[in-house]
Amino acid sequence: MAKNLLIVESPAKAKTIEKILGSDFEVKSCYGHIRDLEKDDMGIDLKNNYSPRYIIPEDKEKVVKELKSTAKKSDEVWLATDEDREGEAISWHLCEVLGLDPKTTKRIVFHEITKPAIEAAVRTPRLLDMNLVNAQQARRVLDRIVGFELSPVLWRKMSMRNSLSAGRVQSVAVRLIAEREREINAFKAESTFKLEAWFSAHDTAKRPVTFKAEGGKYKQAQDAEAFLKSCIGATYTVKDIQVKPTKKTPSAPFTTSTLQQEASRKLGYSVSKTMLLAQKLYESGKITYMRTDSVNLSETAMEDIKKAIEKGYGNRFIQVRKYKNKNESAQEAHEAIRPTYMDETSVDDSDTRRLYELIWKRTMASQMADAELEKTIAKIDISTNKETLTAQGEVLKFEGFLKVYMEDRDEEDITEEDDAEGMLPPLVVGQEPAFKEMKATERFSRPSPRYTEASLVKKLEELGIGRPSTYAPTISTVQKRGYVERRDKEGVKRDYRVLLLAKDKISSETHQENTGAEKAKLFPTDLGLVVTDFLNQHFTEIMDYGFTAKIEGEFDEVAGGQQKWTKMIDEFYNPFHKDVENTLENAERIKGERELGLDPVSGKKVVARMGRFGPMVQIGDVSDEEKPRFAKLKNTQSIETISYDEAMDLFRLPRNLGQFEDTDVVVNIGRFGPYVAHDKLFYSLGKELDPYSVTLEEMIPLITEKRQAKQERTIKVFEKEKIQLLRGPYGPYIKIGLRNFRLPKEAQERAADLTIEEVKAFVEEAKANPPKKAAKSAPKKKKA
DNA sequence: CAGTGAGCGAGCTTCCGCTTGACTT
């Protein structure tokens, strides 16, 4: 047994550090936080200075037990959790749980897992910083209060059956998406006519080439046409040529958020997929820690990268760079994300290869020379008027970092000018290039694009909201709660005009383009919109984009010892809690109601609103004598944008198509999409069939086909006991009502011959040994 | 699997941030 026990947060780190420190140290991991606030009564004693009640969560009991026994056998325990607020708190919890004295226990920190860094840390231990620990307690307590007081307000004021939630981070994330959606809905596209002319000249090899020059923009078609007219019969002369050297600089190495963004743009990965793959690479020792906000590279890594660049591309491509974090909220407990060894240019595993190579290239590029370009701008005079045309070209003089890597841009950061850069033939002043044609093309302005998962992470990071370890979970939470959906949107066709001047004649054409199409974007649901409105109205401070930044400033004061954490929380809690009570008492239930018009048949009001089961349209009122009519909104529709006609269309279901085999065939949309009901059985309508227009003739083959498929799935039915033996994707299984039970392997082969007694025994057996997952989520006992 | 839609009120839900497994109805 080693005489020293050193505790870190991550087990992969523990392994590496143990190798570095040798036999004097046993290095163990505590797997992150080992204690958390109890859930009953918020786990906070509000009347007693916000005193927190901590417990060891069930899934941490094993780790804690092991740490306790190892600590007991060791002479000395060293705390080496991450150097940030959370890490300091973890160390303090370790003291509390392992019975260590915070006034004497050695606390060490390092920002990189390298031999010199760790050895230096061990030489200079310090003590626990209780101010920093208290800043973390303030953060934890505030988040618990906000989450556990706000969520129940939603339960009371919303008539939805699912478990709603609100919190400092998630509610603001939803707000961003809701506001972007409304911005897009309110957007009015404006069109301008953009002028472009094409000329021919000769390149250096005397081959004819075509190049493009741009002119001005015109708001009105007639102005553009007038300009084209004025150019009839003109000659064009190169008046001025400017050649400017420019350069491009590489981006900093990856942090969690920039990795998520680039993997989304270049590889199309969701943030959770990126994190899953990165975790695999980290655990197999291929990359450094993947949850980081630091762009820093260790000295040893810089040396390694330099060598790799020299070997691969030569000295000229090296440019050593130190990157600084732009983000004030960064806590920089780790390095940037980089390969552990640069001479491994790829990995064997096909799952993780593309992500690894992305990280490798970005890391290389970050220490490489600027790319050098030459930009040429030629001005071309028109003999018949005073306007000039501009031709631009760009030539790469020295590749530099572009040899390995170029960062992609988000849709919203791309400007029109960016795609204008191509090659220009050599031109001289006074030259008269041959005119081919000139076009004025109608172009429409575009609204901001909807967020992708990754661009939302970028925005949250800019606002200082959330941490590298929570970006992916936050995005899945807002989707799980039904506030946000990730989906595609089909574009709509739009006409645009093109005016053409060629061979001294002007002609006009109309073309079509697709606009507004989006892929894998985040859309707010009606639920997300109404909840956001409600929170905005009653809890303005929490929903403010600057709220996190503001309280971070106060946490910093606590960490600096200028303020007591309980006082800070008290100042927050008193007004906040008043708002909660006031809202519970006075706020109306959340309905999100919107009036659409009157029903021509009954003359009653048609409204769109939130119901118990989601967004719907309603004709009439519950207080009317006659019951109101209801219809569910389609997935793509929204309370805010649905038109009167679209709403009335929804009442065309259910449709009775007529009879087949003497029973009605009825089409409707249910919980699982469009279906047809016939003879007490239900069949899903495929995507290609529209419930509003299908005919009886189209339905009959579907019914007979599905009926047969259902029969083939059935192995045996015990009519009396209402037990079925069915063939599923995982093999035969037992079905009783809505519940499924597994069949033991040996019984699966002879499923058709099983007796009712045998089946009943298997059901009992399955009930007695439920799958482990079910056992884990079993209801916990509650105190009386 | 394929209904429902108000309000009452059992007894449930819920936060953010640290970390990995165990898990395949």
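Nothing here was measured: the structure is a model prediction, and the numbers come from that model. Chain identifiers are assigned alphabetically (A, B, ...) following the order of the sequence lines, protein sequences preceding nucleic acid strands; residue numbering begins at 1 within each chain.
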Can you name the residues that form a salt bridge (charged side-chain N to carboxylate O under 4.0 Å, His left out) with Arg107(A), not counting sequence neighbours?
Glu88(A)

Runs of at least three consecutive Watson-Crick or G-U pairs, both distances under 3.5 Å, are what I'm after; which ones involve DNA chain B?
none

Donor-acceptor contact below 3.5 Å, side chain Arg175(A) vs main chain Met543(A):
yes

Check every atom of dG3(B), dC18(B), dC15(B) against the side chain of Lys60(A) and return the nucleotide holding the closest atom.
dC18(B)

For a quick check of understanding: with a heavy-atom distance under 4.0 Å over all strands, which category does Gly87(A) fall into, base, sugar-phosphate or nothing?
nothing

Would you verify whether the NZ or CZ of Arg144(A) falls within 45 degrees of the ring axis of Phe148(A) while also being under 6.0 Å from that six-membered ring's centre?
yes

Those residues at least two apart in sequence (or on a different chain) that pass salt bridge (charged side-chain N to carboxylate O under 4.0 Å, His left out) with Asp351(A) are Lys280(A)

Would you classify Ser165(A) as touching base, sugar-phosphate or nothing, given that sugar-phosphate means primed atoms plus P, OP1 and OP2, and contacts are heavy atoms under 4.0 Å?
sugar-phosphate

Neighbours of DNA chain B within residues 468-476 of chain A, by heavy-atom distance under 4.0 Å
Ser469(A), Thr470(A)

Can you find an N or O donor on one side and an acceptor on the other, under 3.5 Å apart, linking the side chain of Arg139(A) with the base of dC16(B)?
yes

Taking only nitrogen or oxygen atoms into account, show me every contact under 3.5 Å that the protein makes with nucleotides 6-9 of chain B, one pair per line with its distance.
| residue | atom | partner | partner atom | Å |
| --- | --- | --- | --- | --- |
| dA6(B) | OP1 | Arg609(A) | NH2 | 3.2 |

Checking the side chain of Glu453(A) only, and the main-chain atoms of Val271(A) only, is there a donor and an acceptor separated by less than 3.5 Å?
yes

Looking only at atom P, what distance separates dG21(B) and dG17(B), rounded to whole Å?
23 Å

Charged N to carboxylate O below 4.0 Å: is that the case for Asp293(A) and Arg467(A)?
yes

Hey, is the main chain of Val27(A) close enough, under 3.5 Å, to the side chain of Glu18(A) for a donor-acceptor pair?
yes

With side-chain hydrogen bond (donor to acceptor under 3.5 Å, both in side chains) as the criterion, how do His334(A) and Thr288(A) come out once you've worked through the C-alpha distance, each side chain's angles and the decisive distance to 0.1 Å?
CA-CA 9 Å; His334(A) 311 274; Thr288(A) 54; over 6 Å; no

Classify the nucleic acid contact of Arg144(A) as base, sugar-phosphate or nothing, counting any heavy atom under 4.0 Å across all strands shown.
base

Within the 4.0 Å heavy-atom criterion, would you say Gly614(A) contacts the bases, only the backbone, or no part of the nucleic acid?
base

Give the nucleotide from the list dT14(B), dC18(B), dT20(B) with an atom nearest to the side chain of Pro11(A).
dT20(B)

Please find out if less than 6.0 Å separates the ring center of Tyr675(A) from that of Tyr683(A).
no

Among the candidates dT19(B), dG3(B), dT14(B), find the nucleotide nearest to the side-chain atoms of Trp155(A).
dT14(B)

Sticking with atom P, work out how far dC15(B) lies from dG11(B), rounded to a whole angstrom.
23 Å

Which part of the nucleic acid does Ser684(A) contact within heavy-atom distance under 4.0 Å: base, sugar-phosphate only, or nothing?
base

Taking only the side-chain heavy atoms of Gln170(A) (C-beta and beyond), determine which of dT20(B), dG17(B), dT14(B) contains the nearest atom.
dT14(B)

If each of His334(A) and Leu685(A) is mapped to the nucleotide of DNA chain B with the nearest heavy atom, which maps nearer the 5' terminus, i.e. the 5' end?
Leu685(A)

Nearest of dT20(B), dT4(B), dC18(B) to any side-chain atom of Ser10(A)?
dT20(B)

Working for side-chain hydrogen bond (donor to acceptor under 3.5 Å, both in side chains), residues Thr81(A) and Ser91(A)
CA-CA 6 Å; Thr81(A) 54; Ser91(A) 276; 2.6 Å; yes

So what does Lys627(A) hit on the nucleic acid, given a heavy-atom distance under 4.0 Å: a base, only sugar-phosphate, or nothing?
sugar-phosphate

I'd like to check, for Phe148(A), whether its ring lies over the base of dC15(B) with centroids under 5.5 Å apart and a plane angle smaller than 30°.
no

Tell me if a side-chain donor or acceptor on Asp41(A) pairs with a main-chain N or O of Gly43(A) at a distance below 3.5 Å.
no

Suppose we call a contact any N or O donor and acceptor under 3.5 Å apart; does that hold for the side chain of Arg140(A) and the base of dC15(B)?
yes

Which nucleotide sits closest to the side chain of Ile90(A): dC15(B), dG3(B), dC18(B)?
dC18(B)

Side chain of Phe682(A), heavy atoms from C-beta onward: which of dT14(B), dA2(B), dT20(B) has the nearest atom to it?
dA2(B)

For the side chain of Asp143(A), starting at C-beta, report the closest nucleotide among dT20(B), dT13(B), dC16(B).
dC16(B)

Listed by chain and number, what are the salt bridge (charged side-chain N to carboxylate O under 4.0 Å, His left out) partners of Glu541(A), not counting sequence neighbours?
Lys550(A)

